[in-house]
Amino acid sequence: MTILITGGTGRTGLKLAHLLSKAGHTILLTSRKGQVPHPFKGVKFDWLDPSTFTNPFNADRAIDRVYVVGPVGVFDTLPHVKPFIDLAVTKGVKRFVVLSASVIPKGGPVAGKVHEYLEKIGVDYAVLRPTLFMENFSTGPVTPNSIRLRNEIGSVAKDGRVAFVSVDDIAKAASDALLVKKSWNTDRYIVGPELLSYDEVAALLSQVLGRKITHKRLTPDESLSIWTTVGGLTVGLAKALIKTQTEIANGAEVAVFENANKIVGKTHLREFFESNPKLWVI
Ligand SMILES: NC(=O)c1ccc[n+]([C@@H]2O[C@H](COP(=O)([O-])OP(=O)(O)OC[C@H]3O[C@@H](n4cnc5c(N)ncnc54)[C@H](OP(=O)(O)O)[C@@H]3O)[C@@H](O)[C@H]2O)c1
């Protein structure tokens with residue numbers, strides 16, 4: 001039996017690949033170019049090109065579970081993901097584990113309608129709803145450079161707190177959801193072990209780096225301008241991101257952390273900063 005990992009070159013997908021292969025499972029990764037990191041096997045696959053949907057099943061007829069990371073930067077992924085789910089079911093796939101987000105309810109944008117669809121068709125599934133990734137501080141065009149060049153972390157989140165989660169902990173939850181005998185058939189939040197405000201994050205990073213990092217409190221307009229220029233996001237996606245941060249300011253992620261339906265990761269933000277200090281050196 002084989003586990004197909006879509007988004008296999010991405011942050012959670014690649015960690016998941018390492019976890020599953022270390023545990024002796026057969027896996028197949030996808031990427032738009034068809035190239036995946038050594039030593040994994042990969043196939044060309046593009047959510048926006050349905051002619052690539054049969055590639056995984058032509059490469060391996062034993063695929064029975066799929067990790068779904070939908071097309072990035074798409075507001076509603078269901079029109080792209082549904083035809084693949086339908087095909088996969090006919091090819092013998094028995095379980096789908098979908099990466100969504102804490103802010104996205106069933107039926108909502110991005111992966112929210114995929115969540116709703118899987119429940120509707122009655123196939124085994126799990127929906128992972130992680131909070132903000134710790135890795136947002138180390139990868140991407142905006143925050144890492146802002147730390148390196150200006151010693152600032154910008155946000156509109158004010159004093160709102162978030163239990164930042166590591167991609168290692170998300171991959172572990174994905175692995176558990178794929179392998180557990182009785183499928184979850186529901187969603188679960190994935191959070192880190194502690195709630196921190198952006199002021200506290202900046203103080204933590206200052207201690208680790210030995211230089212002063214500050215939390216710059218941005219207005220929504222300032223943030224929109226940064227994310228659409230430096231960040232390269234569309235106005236719609238930048239506004240969605242700002243809305244998420246505004247909700248953080250209003251306590252949304254504290255409510256997620258206090259929700260009983262969650263998996264709590266092990267990695268503390270301090271450990272994450274301490275294991276990567278060179279990332280923020282100019
Ligand atoms: N960042 C956060 O804090 C956060 C929090 C909660 C949830 N999330 C969710 O996490 C998901 C992944 O985000 P990420 O930034 O971590 O991305 P990522 O997984 O690091 O990268 C995206 C992956 O998807 C693949 N991909 C992109 N477009 C594709 C397409 N059209 N067809 C097939 N594959 C495609 C890429 O592979 P190739 O380039 O090799 O094709 C890559 O492996 C998003 O849906 C987001 O909603 C993020």
Side-chain angles (χ1 to χ4, degrees), residues 4-18 27-37 40 42-53 55-56 66-81 83-84 97-105 108-115 127-144 153 155 157 162-171 173-174 187-192 198 201 227 231-233 236-238 240-245 247-248 252-253 256 262-263 265 269 272:
L4 180 69
I5 303 177
T6 66
T9 59
R11 296 195 281 191
T12 62
L14 194 53
K15 293 276 183 189
L16 176 63
H18 282 284
I27 55 169
L28 179 65
L29 277 58
T30 74
S31 90
R32 281 167 294 182
K33 287 193 176 143
Q35 291 154 5
V36 301
F40 302 116
V43 286
K44 195 172 158 67
F45 180 90
D46 189 338
W47 291 111
L48 308 184
D49 177 5
S51 74
T52 63
F53 287 4
N55 291 350
V66 182
Y67 179 60
V68 179
V69 179
V72 173
V74 174
F75 192 71
D76 174 11
T77 62
L78 185 65
H80 304 286
V81 178
F84 179 73
V97 172
V98 180
L99 179 63
S100 184
S102 59
V103 291
I104 296 175
V110 196
K113 290 199 170 59
V114 174
H115 177 172
V127 175
L128 309 175
R129 293 179 59 189
T131 182
L132 294 183
F133 299 179
M134 292 181 182
E135 284 71 12
N136 294 345
F137 294 110
S138 62
T139 56
V142 174
T143 309
I153 298 170
S155 94
V162 181
F164 296 95
V165 65
S166 77
V167 295
D168 287 304
D169 289 326
I170 300 166
D187 57 338
R188 283 198 182 142
Y189 293 117
I190 323 286
V191 298
Y198 279 89
V201 170
W227 281 105
L233 295 189
L237 282 172
L241 193 142
I242 291 162
K243 183 167 171 272
T244 299
Q245 292 214 334
E247 284 167 2
I248 290 170
E253 288 297 328
V256 166
K262 65 176 183 287
I263 292 171
L269 192 61
F272 172 73

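Just so you know, ligand 1 is whichever comes first in the structure, and atom 1 is the first atom listed for that ligand. Treat the numbers as computed from the prediction; the structure is a model and nothing was measured.
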For atom 47 (O) of ligand 1, grab the closest protein heavy atom and report residue, atom and distance to one decimal in Å. Val110 CG1, 4.4 Å

Which of the numbered atoms in ligand 1 are below 4.0 angstrom from a heavy atom of Leu99? 10 (O), 11 (C), 12 (C)

Best match, Gly73, Ser102, Ser100: closest heavy atom to atom 7 (C) of ligand 1: Ser100

Please list, in number order, the atoms of ligand 1 under 4.0 Å from a heavy atom of Ser31. 40 (O), 41 (O)

Pick one of side chain, backbone, both or neither for how Asn136 approaches ligand 1, counting any non-hydrogen atom pair under 4.0 Å. side chain

Specify whether the nearest protein heavy atom to atom 5 (C) of ligand 1 is under 4.0 angstrom away. yes

Out of all atoms in ligand 1, which are within 4.0 Å of some heavy atom of Phe45? Include the element for each. 33 (C)

Which atoms of ligand 1 are found less than 4.0 Å from any heavy atom of Thr9? 36 (C), 37 (O), 38 (P), 40 (O), 42 (C), 43 (O)

Checking heavy atoms under 4.0 Å, the part of Thr131 that sits near ligand 1 is backbone

Applying a strict 4.0 Å limit to heavy atoms, is Pro130 in contact with ligand 1? yes

A side-chain contact here means heavy atoms from C-beta on lying under 4.5 Å apart; do Pro71 and Val81 qualify? yes

Look up atom 44 (C) of ligand 1 and tell me if a protein heavy atom lies less than 4.0 Å from it? no

Hey, is the main chain of Ala171 close enough, under 3.5 Å, to the side chain of Thr12 for a donor-acceptor pair? no

I need the Ile27 CD1 to Ile5 CD1 distance, nearest 0.5 Å. 4.5 Å

The criterion is salt bridge (Lys or Arg N to Asp or Glu O under 4.0 Å); which residues satisfy it with Lys15, sequence neighbours excluded? Asp168

Is any N or O atom of Arg32, backbone or side chain, closer than 3.5 Å to an N or O atom of ligand 1? yes

Quick test of your reading of the structure: of Phe164, Trp47, Phe133, Phe137, whose heavy atom lies closest to atom 2 (C) of ligand 1? Phe133

What is the nearest protein non-hydrogen atom to atom 20 (O) of ligand 1, stated with its residue, atom name and distance? Arg11 N, 2.8 Å

Test Phe45 against Phe84 for ring pair (Phe, Tyr, Trp, His ring centres under 6.0 Å), laying out the working first. CA-CA 11 Å; Phe45 180 90; Phe84 179 73; 5.0 Å; yes

Do any nitrogen or oxygen atoms of Asp46 lie less than 3.5 angstrom from nitrogen or oxygen atoms of ligand 1? yes

As an exercise, state the distance from CZ of Phe137 to OH of Tyr198, rounded to the nearest 0.5 Å. 5.0 Å

I'd like to check which ligand 1 atoms, numbered from 1 as shown, lie under 4.0 Å from a non-hydrogen atom of Leu132. 3 (O)

Which heavy-atom pair separates Val162 from Glu253 by the least distance, and what is that distance? CA-CB, 4.1 Å

From Ile190 atom CD1 to Ile263 atom CD1, the distance as rounded to the nearest 0.5 Å: 4.0 Å

Stepwise, does the side chain to side chain contact (heavy atoms under 4.5 Å, CB included) test hold for Tyr189 with Val165? CA-CA 10 Å; Tyr189 293 117; Val165 65; over 6 Å; no

Any atoms of ligand 1 less than 4.0 Å from a non-hydrogen atom of Gly7? List them with their elements. 23 (C), 24 (O), 25 (C), 43 (O)

Hey, could you give me the CG/OG distance between Leu128 and Ser102, rounded to the nearest 0.5 Å? 12.0 Å

Provide the number and element of each atom of ligand 1 under 4.0 Å from a heavy atom of Gly10. 18 (P), 19 (O), 20 (O), 21 (O), 42 (C), 43 (O)

May I ask you to check whether Asn55 and Thr52 show a side-chain donor-acceptor distance below 3.5 Å? no

How long is the span from the OG1 atom in Thr6 to the OH atom in Tyr67, to the nearest 0.5 Å? 8.0 Å

Using a strict 4.0 Å cut-off to heavy atoms of Val72, name the atoms of ligand 1 that fall inside it. 22 (C), 28 (N)

